Amino acid sequence: MAADVASQASDIMALTGAGSVPLHVAIIMDGNGRWAKARGQMRTMGHKAGVGALRRTIRAAGDLGVTHMTVFAFSTENWRRPAAEVSDLMGLLRTFIESDLAKLAKEGVCVRIIGQQDGLPKDIVECVRKAHDDTRHNSRFFLQVALNYGAQADVVEAAKRFAAKVQAGEANIEDLTPEMFGGLLSTHDLPPLDLMIRTSGEHRLSNFLLWEAAYAEFVFQDVLWPDYDRVHLEDALKIFAERDRRFGAVEAGHVSA
Ligand code: FPP
């Protein structure tokens with residue numbers, strides 16, 4: 001990404017302290033519909049503007065030292081939306097991959113889609129495959145797009161995989177650990193989730209990364225996703241850096257009774 005942003009990155013490091021930058025950030029990109037409604041436009045226009053915000057945020061995240069970003073593009077529950085909106089969202093994903101993939105691949109971004117491929121239109125499955133194939137050797141920045149994703153379904157799939165191993169005599173129920181179970185999820189090869197951001201003022205997880213968010217910090221921002229910009233991400237990173245993450249332990253130096 002642009003060399004002239006190096007100084008901005010060092011500004012953030014100075015503000016937040018080295019080592020306080022979250023490696024893995026997840027984003028619930030909420031508020032596209034309200035953004036469009038406020039302008040008297042169709043909801044799709046909000047999603048379209050949301051793709052622009054996604055582009056800006058990928059760039060900013062890479063510049064600021066984030067290495068992994070997982071965004072919620074379409075949930076297993078989003079099929080309940082009007083058919084035209086569902087089709088527009090799929091179309092936007094296809095356009096995003098077709099127009100941005102070469103550039104992302106060149107910039108060292110590894111693009112993966114997580115979620116159930118069953119039920120997705122054929123052309124979208126083909127886009128997903130191409131995105132994986134064209135970027136799988138990249139390791140500068142990892143972008144996960146959650147598409148037809150639901151955390152509960154992901155956990156259920158992992159449980160089925162483990163049950164199948166037990167049935168096949170390859171695993172014992174007593175040996176199952178959280179680490180082993182996490183290894184069966186679609187996010188198994190990602191670093192722990194550090195920061196979960198949701199825009200638009202809503203305070204919900206909406207079935208996104210339920211298992212992975214166990215020790216994530218949550219930052220809720222009162223900005224509609226299409227308006228999201230570098231400055232909002234910087235704000236979220238500053239808030240993250242001020243948090244005291246204890247992972248269930250006590251503060252360093254605490255003397256127990
Ligand atoms: C939530 O806003 C947003 C979504 C369900 C879709 C998110 C999708 C994008 C940002 C663009 C697509 C990007 C790709 C790469 C596919 P909402 O519609 O629920 O907004 P509202 O709560 O204001 O109605």
Side-chain angles (χ1 to χ4, degrees), residues 25-62 68-105 107 109-117 119-121 123-132 134-135 141-151 196-209 220-230 232-233 236:
V25 176
I27 309 185
I28 302 180
M29 310 179 286
D30 198 10
N32 296 348
R34 277 163 282 167
W35 184 92
K37 193 174 174 199
R39 286 162 180 74
Q41 296 176 358
M42 306 276 289
R43 293 177 56 80
T44 299
M45 297 310 287
H47 296 316
K48 202 168 171 193
V51 177
L54 178 60
R55 287 193 182 104
R56 292 194 292 274
T57 308
I58 295 168
R59 178 166 289 268
H68 292 70
M69 196 169 100
T70 305
V71 296
F72 209 2
F74 192 88
S75 78
T76 43
E77 288 73 36
N78 285 153
W79 295 106
R80 295 178 195 149
R81 294 186 177 215
E85 184 173 343
V86 169
S87 151
D88 286 340
L89 275 168
M90 295 292 164
L92 279 175
L93 178 84
R94 193 177 49 237
T95 310
F96 173 71
I97 297 214
E98 282 168 2
S99 62
D100 288 39
L101 190 63
K103 193 159 179 286
L104 291 169
E107 287 181 347
V109 179
C110 175
V111 183
R112 285 201 332 184
I113 281 76
I114 59 167
Q116 297 169 24
Q117 293 200 12
L120 287 178
D123 61 325
I124 298 295
V125 173
E126 176 54 27
C127 272
V128 167
R129 191 198 54 73
K130 185 167 166 43
H132 286 179
D134 289 6
T135 65
F141 187 81
F142 295 84
L143 172 69
Q144 287 67 236
V145 180
L147 182 72
N148 197 20
Y149 171 88
M196 168 73 76
I197 295 172
R198 182 167 190 150
T199 59
S200 91
E202 304 284 1
H203 295 186
R204 281 188 297 277
L205 256 184
S206 299
N207 200 13
F208 190 39
L209 303 178
F220 300 102
Q221 293 180 291
D222 258 333
V223 53
L224 300 175
W225 176 251
D227 290 328
Y228 206 80
D229 213 334
R230 173 184 294 268
H232 299 106
L233 185 64

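Remember, it's 1-based here, ligands and their atoms both numbered in the order they're listed. All of these numbers come straight from a predicted model, not from anything done at the bench.
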With atoms numbered from 1 as shown, which atoms in ligand 1 lie under 4.0 angstrom from a non-hydrogen atom of [X]?
| X | value |
| --- | --- |
| L54 | 15 (C) |
| F96 | 15 (C) |
| R81 | 5 (C), 17 (P), 18 (O), 19 (O) |

If we only count N/O pairs under 3.5 Å, is [X] in contact with ligand 1?
| X | result |
| --- | --- |
| G33 | yes |
| E85 | no |
| N78 | no |

Nearest neighbour of atom 8 (C) of ligand 1 from the list I28, N32, T199, I124, on a heavy-atom basis: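 Of the listed residues, N32 has the closest heavy atom.
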Option whose closest heavy atom lies nearest to atom 6 (C) of ligand 1, chosen from A53, G46, S206, A73: A73
Residue, atom name and distance, where the atom is the protein heavy atom closest to atom 12 (C) of ligand 1: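 Protein heavy atom at minimum distance: V51 CG2, 3.9 Å.
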Heavy-atom nearest neighbour in the protein, as seen from atom 22 (O) of ligand 1, with distance rounded to 0.1 Å: R34 NH2, 2.9 Å
Check: S206 side chain, F208 main-chain N or O, donor-acceptor pair, under 3.5 Å: no
Counterpart residues, ring-ring contact (aromatic ring centres under 6.0 Å, His included), relative to F96 (two or more places apart): none
Which residues share a side chain to side chain donor-acceptor pair (under 3.5 Å) with R204, sequence neighbours left out: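 Per chain and number, R204 pairs via side chain to side chain donor-acceptor pair (under 3.5 Å) with E202.
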Ligand 1 contact by M90, heavy-atom criterion under 4.0 angstrom: no
